[in-house]
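I have placed the structure first, in the form of structure tokens, so that the comments after it can refer back to it.
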Amino acid sequence: MKRLMTAMLAGLATSAALAEYPDKPITIVVPFAAGGPTDKVARDLGVAIGAALKQTVIIENVGGAGGTLGAAKVAKASPDGYTLLLAHIGMSTAPALYRKLPYNVETDFEYLGMVNDVPMTLIGRPTLPANSYPELVKWLQENKGKINLANAGLGAASHLCGLLFQQSIQIDMTTVPYKGTGPAMTDLLGGQVDIMCDQTTNTTSQIESGKVKAYAVTTMTPLKTPALSKLPTLDSQGLKGFNVSIWHGMYAPKGTPAAVTEKLNAALRAALKDADFIKKQEALGAVVVTDARLAPAEHKKFVAAEIAKWAPAIKAAGQYAD
Ligand code: ASP
């Protein structure tokens, strides 16, 4: 009898806690350094989600190892809805790239819904002599063996895009990995590295203010965002079919109660309808996902398909890390 009472009381306490969720600040882990493209999405999204949940949202940057350190931290966090992850396409490439990934992308997370699609741009240091994509190709050919390509580590979007670019033009470059393309951008601006392929959520303002050389967008059609609309596609400049666009999704540790994940999904839906969030995303070249892709089941199906899509390309490229 005493045991039954204790169990009932514990049950009541749990449902009371769920009913009150969230009653303290929520942390969204960004698996890259501050000031980069995923960080920028997370900070605006955090404001919109915080408004929907009437709670403070804190962004924690856990960069390194192409985003896998931050994802591992969330996979192992308490499944109480107070530690979440905002991650990009790297979630689907890490299983093929890392031999000893400390988490299982498909079974260690609750999927909360997708967020946006973000195109990428090919940019160069301000002092690079090339002023157009054809001039860049000429410069790359003339400087073989001396070119530094920045990225955010194995599995980062900048790594994947840079890898495809090197394969397409058949010029090998020295890759310089950072904890995120935020710090990589600082070095590119300072001339320590030559080129980088990075999301528009990090490059738009630098392109707009003429602080970096911008050569191309990585999508099949030019972008509508005014600051980027004049940039030609790589496809139209000789790299037929070159098409890299990344996506973000939100995750909670496996075992987070359904009552909590449902609240989080509802908050994400509200955030993606927030006019201010949509405007900020569009100004940075990103497109907020449609309602259908906000369903956790669709999100999970999409990531599984992406894992299957990337694995053969990664195996063919022979890129692995422990
Ligand atoms: N998202 C970037 C990348 O994958 C890294 C970052 O957000 O800093 O390269």
Side-chain angles (χ1 to χ4, degrees), residues 32-41 61 63-64 66 118-154 156-219 222-223 225-239 242 244-246 283-286:
F32 294 103
T38 301
D39 182 66
K40 288 207 180 78
V41 173
N61 298 90
V118 191
M120 301 190 77
T121 44
L122 182 64
I123 57 170
R125 62 176 156 83
T127 48
L128 207 77
N131 288 316
S132 65
Y133 179 73
E135 285 180 24
L136 175 70
V137 173
K138 193 165 167 275
W139 183 84
L140 292 173
Q141 272 157 356
E142 286 166 0
N143 287 277
K144 276 184 189 163
K146 290 187 273 177
I147 308 152
N148 288 321
L149 169 77
N151 71 25
L154 214 60
S158 45
H159 164 243
L160 298 169
C161 184
L163 187 68
L164 291 176
F165 180 59
Q166 289 179 82
Q167 285 173 348
S168 305
I169 60 164
Q170 299 189 336
I171 296 176
D172 284 338
M173 303 172 200
T174 305
T175 48
V176 185
Y178 292 82
K179 285 192 172 169
T181 46
M185 179 66 89
T186 307
D187 273 10
L188 188 90
L189 291 168
Q192 282 92 335
V193 286
D194 300 312
I195 61 169
M196 173 161 79
C197 193
D198 196 19
Q199 284 106 288
T200 56
T201 42
N202 195 29
T203 61
T204 303
S205 59
Q206 309 290 359
I207 292 174
E208 200 170 17
S209 58
K211 291 205 177 110
V212 294
K213 296 268 168 97
Y215 299 112
V217 287
T218 62
T219 42
L223 303 178
T225 307
L228 305 167
S229 61
K230 289 202 181 69
L231 270 183
T233 65
L234 283 172
D235 173 77
S236 69
Q237 300 193 89
L239 298 189
F242 196 104
V244 183
S245 170
I246 71 118
L284 294 176

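These figures come from a predicted structure and were not determined experimentally. Nothing fancy with the numbering, it's 1 onward along the sequence.
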Heavy-atom distance under 4.5 Å between the side chains of Leu128 and Tyr215, does that happen here?
yes
side-chain contact (heavy atoms from CB on, under 4.5 Å) between Cys197 and Thr218: does it pass, once the steps are laid out?
CA-CA 9 Å; Cys197 193; Thr218 62; 4.0 Å; yes
On a heavy-atom basis, the closest approach of Ala34 and Pro183 is O-CD, 4.2 Å
Heavy-atom side-chain proximity of Gln237 to Val137 below 4.5 angstrom
no
In this structure, CZ of Phe242 is separated from CD of Gln167 (nearest 0.5 Å) by 9.5 Å
Shortest non-hydrogen pair, Ser229 vs Pro222, comes out as O-CB, 4.2 Å
On a heavy-atom basis, which atom in Asp39 and which in Asn61 lie closest, and how many Å separate them?
OD1-ND2, 2.9 Å
Would you mind reporting whether Ile195 and Phe165 have side-chain heavy atoms less than 4.5 Å apart?
yes
Let's go through Ile123 and Gln206 carefully: what are the C-alpha distance in whole Å and the side-chain angles of both, what is the deciding distance for side-chain contact (heavy atoms from CB on, under 4.5 Å) to 0.1 Å, and is it a yes or a no?
CA-CA 10 Å; Ile123 57 170; Gln206 309 290 359; over 6 Å; no
Could you check if a side-chain atom of Asn131 sits within less than 4.5 angstrom of a side-chain atom of Leu136, using non-hydrogen atoms only?
no
Within the distance-only criterion (no hydrogens, no angle test), does the side chain of Gln199 pair as donor or acceptor with the backbone N or O of Ile246 below 3.5 angstrom?
no
Test item: Val244 and Leu160 side chains (from C-beta on) under 4.5 Å apart, heavy atoms
no
Run the side-chain contact (heavy atoms from CB on, under 4.5 Å) test on Val176 and Asn151 for me, step by step, so that the C-alpha distance in whole Å, both residues' side-chain angles and the decisive distance to 0.1 Å come before the verdict.
CA-CA 6 Å; Val176 185; Asn151 71 25; over 6 Å; no
Quick one: does Ser158's side chain have a donor or acceptor within less than 3.5 Å of a partner on Ala152's backbone?
yes
No-hydrogen, no-angle side-chain donor-acceptor test under 3.5 Å, Thr233 and Ser236
yes
Using a 3.5 Å distance criterion without hydrogens, assess whether the side chain of Asn202 forms a donor-acceptor pair with backbone atoms of Thr181.
yes
Under the salt bridge (charged side-chain N to carboxylate O under 4.0 Å, His left out) definition, can you give me all pairs with a residue in residues 184-204, not counting sequence neighbours?
Arg125-Asp194
CG (Leu149) and CE (Met196) are apart, to the nearest 0.5 Å, by 9.5 Å
Short side-chain to backbone donor-acceptor contact, Lys211 and Pro126, under 3.5 Å
no
I'd like to check Thr203 versus Met185 (side-chain heavy atoms, cut-off strictly below 4.5 Å). Are they in contact?
yes
Which pair of heavy atoms, one from Ala283 and one from Thr204, lies closest together, and at what distance?
O-CG2, 3.5 Å
Using only atom types and a distance under 3.5 Å, with no angle test, would you say the side chain of Ser168 pairs donor to acceptor with the backbone of Leu239?
no
Starting at CD1 of Ile171, measure out to CD1 of Ile169 and round the result to the nearest 0.5 Å.
4.0 Å
When rounded to the nearest 0.5 angstrom, what is the spacing between NZ in Lys146 and CG in Asn148?
11.5 Å
Could you tell me whether the side chain of Leu154 reaches within less than 4.5 Å of the side chain of Pro177, counting heavy atoms only?
no
Taking atom NZ of Lys213 as the centre, report whether more than 12 heavy atoms of other residues, nucleotides or ligands fall under 6.0 Å from it.
yes
When you look at CD of Glu142, are more than 12 heavy atoms from neighbouring residues, nucleotides or ligands closer to it than 6.0 Å?
yes
Minimum-distance pair of heavy atoms, taken over all atoms of Lys40 and Gly35
NZ-O, 3.1 Å
Ile147 side, atom CD1; Gln166 side, atom CD - distance, nearest 0.5 Å:
8.5 Å
Within the 4.5 Å heavy-atom criterion, are Leu140 and Met173 side-chain neighbours or not?
yes
What's the spacing between Thr225 OG1 and Leu231 CG if we round to 0.5 Å?
10.5 Å
